[in-house]
Structure formats: C-alpha cells, structure tokens
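Report on the following structure.
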Amino acid sequence: MVTVEMNQIVYQRPESLADMPTHYCPGCTHGVAHRLVAEVMDEMQIREKTIGVAPVGCSVFAYNYFDCDFVEAAHGRAPAMATGVKRVLPDRVVFTYQGDGDLASIGMGEIVHAAARGENITVIFINNAIYGMTGGQMAPTTLPGMKTTSSPSGRDVEQMGFPIRMPEMLATLDGAGYVVRRSLHDPKNIRMAKKAIRLAFETQLRGLGFSLVELLSSCPTNWGLTPVESLRWIEEHMLPVYPVGDYKVAQALAGLRV
Ligand code: SF4
Ligand code: MG
C-alpha cells in the first residue's frame, strides 16, 4: 500500500510564484515563462531583493503572480521605470517583463536607450508575434504574410514593413552585456530558456550592463490554433524568422556554468 509518507514531492510551485490562478488563456506559454523566472529567483535566492516591473499587455497582472516586489509601468515605459528603480536601489535585482507590442512598438524608444545607456537591468521579452490583450492586431514582430485582425489578408511587408528582430538590433549597442533569444515550444528549449534567464540575472549581479532574453511564446487564442498546434507553429513559422541564439555575451560571462 502506498502511503502519503512514501510519496516524494518531485514537482512543486516555486516560492517566488504566488499561490493563485492566472488569467492567461489555456495553452498560453506566459505561464511557462513566469515559472522559469520564479525558479531562477528561487535558485539564486534573490526573491527578497528582486523588483519586477510589469507592462501593459496580457502580462499586465504579472505583479499578482510573482511573490516579490513589483511596480506597474505605463505602456512601453517599463525600461524607463526599471532604470529609475535600479539607480535608486542599486543593490536590488530589477527586471521588466514585456510583450512585443509593449517593448517593440510603443516602448521601442525606452528599450533602445536603456540598452544604449548600459542600464544594469534585465528584460524578459515575450514575443508572440501579435498584440494579445487588445485582440490580436499586427505587432512589429508579426511574421510576413501572417493574418491578424488588423492585417486580415496577411502582413504585406511592402505596405506594412518587416518584422523587427530585437536581440540582433540591441546586440549592436555597447551598453548591452547579455542579449539572447530562446523559445518555449518544447522541453529542451524551455531548459535552455531557463539557463538564459539565469545568465541574464548573473549579468546584472556582476554589473555587466543591460541584459535581455527574448522568449518565443504562444498565443493560441489570437492565432486561432490549439495549444499543441501553437507550439508546432512556433517551431515551423517563428524559428525561421527569429532564430534562437546568443547575440551578445559579455566576455566576463564566458565559461560561466549555470
Ligand atoms: Fe496568452 Fe494570447 Fe491569451 Fe494573451 S491572448 S493570455 S498571449 S493566449
Ligand atoms: Mg504580444
């Protein structure tokens, strides 16, 4: 007979994640991203000194889901708020959590200049190629030919421009210490994403400048796909346009094993 005592806990909620249900749609990988950030906070034992900055977008309520200090920014302004928080409280670990509409559209100025200034902050950038919260409109990261509610015939790059690859662009700035892209579409890539988040926080703790981890993420609701189809869609359609990779890794991080 199996007793309760004989059962071993092999999987549980990280302490840095609040014990409450989220509002995210079924199959949305925002939940995976939250969990990875929380696991890293637990493992590095930095929860008590971490301050998150929540965006506008689907993750607007991120402050409810992490069990650490949090502030809420106006749309796109999270890097500016994080700059202020970090400069006033340099001993804290400060991170923003932003989607592609928030970071790469209205917040483009903030993110570019925070990176250029070499602000010692960490950015978790969720790219799902669409404006999620507002109803599936075209985002700066929408793929060529991709149908959205504001590009119903598909994104025509002649008329609507090309997708923006944020890490590739930000990596050109001297203030950036660690800039990478990862994906949340399968377990192997999720493990790699967690390591990258850990290295991004290490970058900040070592004072090596701006760090950003882009995470290719699913939006089954606005893509009109099932959760499983959405993961396949990331692999088949997003990865060719947004390859995972390390775009900038400060010399001081080389060889660091996490
Ligand atoms: Fe996730 Fe998309 Fe739902 Fe937003 S709209 S919670 S990104 S599935
Ligand atoms: Mg989005």
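Start at 1 and go down the list; that is how both ligands and their atoms are numbered.
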Under a 3.5 Å threshold, yes or no: a donor from one side chain and an acceptor from the other, between [X] and [Y]?
X	Y	answer
T122	S211	yes
N120	Q204	no
S105	Y131	yes
Y242	R165	no

TODO: Evaluate the side-chain contact (heavy atoms from CB on, under 4.5 Å) criterion for residues L239 and H185: first the C-alpha distance (whole Å), next the side-chain angles of each, then the deciding distance (0.1 Å), finally the verdict.
DONE: CA-CA 10 Å; L239 281 175; H185 71 278; 3.6 Å; yes
TODO: Answer yes or no for R198 and Y178: cation-pi contact, defined as NZ/CZ to six-membered ring centre under 6.0 Å and angle to ring axis within 45°.
DONE: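 No, R198 does not sit over the ring of Y178.
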Task: Shell of protein N/O/S atoms around the Mg ion (ligand 2), taken as anything under 2.8 Å - done: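 Per the 2.8 Å query on the Mg ion (ligand 2), atoms found are D100 OD1, N128 OD1, I130 O.
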Open item on the list: Out of the candidates Y65, Y97, F61, only one should pair with H30 under the ring pair (Phe, Tyr, Trp, His ring centres under 6.0 Å) rule; please name it.
Closed with: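 Single pass found, and it is Y97.
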Open item on the list: Looking at D156, I'd like to know if its CG atom is crowded, meaning that more than 12 non-hydrogen atoms belonging to other residues, nucleotides or ligands lie closer than 6.0 Å.
Closed with: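 Atom CG in D156 is packed in, count exceeds 12.
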Task: Whether over 12 other heavy atoms sit under 6.0 Å from E15 CD - done: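 Not more than 12 within 6.0 Å, no.
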Open item on the list: At a cut-off of 2.8 Å, what protein N/O/S atoms sit near atom 1 (Fe) of ligand 1?
Closed with: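 Correct list: C28 SG.
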